[in-house]
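Below, each value reflects all heavy atoms present in this structure, side chains not excepted, and no hydrogens, waters or symmetry copies. In what follows, every chain begins at residue 1, and chains take the letters A, B, ... in the order their sequences are listed.
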Amino acid sequence: MCPKELTNISHLHPFTQAVLQVIHAIPSGKVQTYGGVARFAGNPKGARQVARILHSSSQKYHLPWHRVINSQGKISLDPVGAEEQRLLLVAEDITFLSNGRVKMDEHLWDGDGLFFV
DNA sequence: GCCGTGACTTCGT
DNA sequence: AACGAAGCCACGG
């Protein structure tokens, strides 16, 4: 893996590096939960860390930050940011249910294509 | 090195 | 269905 956007991150904590790579690997049209990303990255209990990473370095590493949502299939942002994220997801043909949740059984990423060095 | 801080999650009420 | 508490962990001050 190690895409060019994620070069020079070796100074970061191993888990943080893994999280960045996992998020980067989420394909368009798919979503993953904070907990799911943490699990793929090797620490099932690192969900809050995933959130913190997105908050602090989503722009810095050009991550598809909008493809990460919470375990209920909902967007975990204030109304303003939530609308932006929803639009980005809709643009990838991701469908939302009437209750405001992403149709998880259709769009939840299964980790296909993910591998580590 | 302690302490507060999160775009969280799970399990009780 | 909604709410609160507890667990969680790297990071920055």
Side-chain angles (χ1 to χ4, degrees):
Chain A
M1 190 64 53
C2 200
K4 66 177 182 182
E5 292 86 350
L6 297 181
T7 56
N8 195 24
I9 61 174
S10 55
H11 62 287
L12 300 173
H13 188 284
F15 176 63
T16 300
Q17 294 184 43
V19 167
L20 292 175
Q21 296 195 358
V22 169
I23 295 175
H24 190 83
I26 305 175
S28 175
K30 292 292 182 180
V31 297
Q32 187 50 254
T33 67
Y34 298 89
V37 171
R39 179 161 36 81
F40 284 133
N43 183 357
K45 301 181 178 176
R48 300 198 72 171
Q49 195 52 11
V50 173
R52 196 190 139 285
I53 291 167
L54 282 169
H55 179 75
S56 59
S57 25
S58 59
Q59 288 296 328
K60 186 175 177 183
Y61 296 110
H62 307 155
L63 297 173
W65 58 271
H66 57 283
R67 298 180 189 143
V68 185
I69 59 182
N70 66 30
S71 63
Q72 303 176 73
K74 297 199 291 190
I75 292 175
S76 293
L77 281 180
D78 57 276
V80 180
E83 178 62 7
E84 178 188 359
Q85 183 168 3
R86 191 184 65 79
L87 290 174
L88 286 169
L89 292 175
V90 169
E92 296 184 351
D93 292 322
I94 287 178
T95 59
F96 283 77
L97 304 177
S98 57
N99 57 19
R101 307 183 186 202
V102 167
K103 198 166 184 294
M104 295 295 268
D105 55 6
E106 182 178 337
H107 294 114
L108 183 63
W109 182 44
D110 57 9
D112 182 48
L114 180 64
F115 63 95
F116 291 107
V117 296

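A:W65 places its CH2 atom 18 Å from the P atom of B:dG6, with the value rounded to the nearest Å. The distance from atom CD1 of A:I23 to atom C1' of B:dA7 is 11 Å, rounded to the nearest whole Å. Rounded to whole angstrom, the span from the CD atom of A:Q17 across to the C1' atom of C:dA10 amounts to 13 Å. Rounded to an integer number of Å, the gap from CD1 of A:I9 to P of C:dC11 is 12 Å. As a whole-Å value, the separation of A:K74 NZ from B:dC8 C1' is 14 Å. The nearest whole Å value for the distance from the CD atom in A:Q32 to the P atom in B:dA7 is 19 Å. Look at CZ on A:R48: it is 13 Å from C1' on B:dT10, rounded to the nearest Å. Straight-line distance from the CG atom of A:L54 to the P atom of C:dA10: 16 Å, rounded to whole Å.
Here the shortest heavy-atom pairing between A:V68 and A:Q85 reads O-NE2, 3.1 Å.
Side-chain atoms of A:Q49 lie closest to C:dA10 of the nucleotides C:dA10, B:dT9, B:dC8. Nearest to the side chain of A:N70, among C:dC11, B:dA7, B:dT9, sits B:dT9. Distance from the side chain of A:H55 is smallest to B:dA7 among C:dG7, C:dC11, B:dA7.
Considering only heavy atoms from C-beta on, A:I23 comes within 4.5 Å of A:L54 through its side chain.
Screening A:H66, A:K30, A:E84, A:H107 for a side-chain contact (heavy atoms from CB on, under 4.5 Å) with A:L89, the sole residue that qualifies is A:H66. With A:Q32 as the fixed residue, the side-chain contact (heavy atoms from CB on, under 4.5 Å) test singles out one of A:I69, A:V50, A:V22, A:L108: A:L108.
Within 4.0 Å of A:G46, counting heavy atoms only, lies no atom of the nucleic acid at all. Nucleic acid contact class of A:S56 (heavy atoms, under 4.0 Å, all strands): none. Using a 4.0 Å heavy-atom criterion, one finds that A:N43 contacts the sugar-phosphate atoms exclusively.
Under 4.0 angstrom from either OP1 or OP2 of B:dC8 there lies no side-chain N or O belonging to A:S71.
Here the straight-line distance linking atom CZ of A:R67 with atom CH2 of A:W109 works out to 10.5 Å at 0.5 Å rounding.
Closest-nucleotide positions on DNA chain C for A:R52 and A:K45 were compared, and the one nearer the 5' end corresponds to A:K45.
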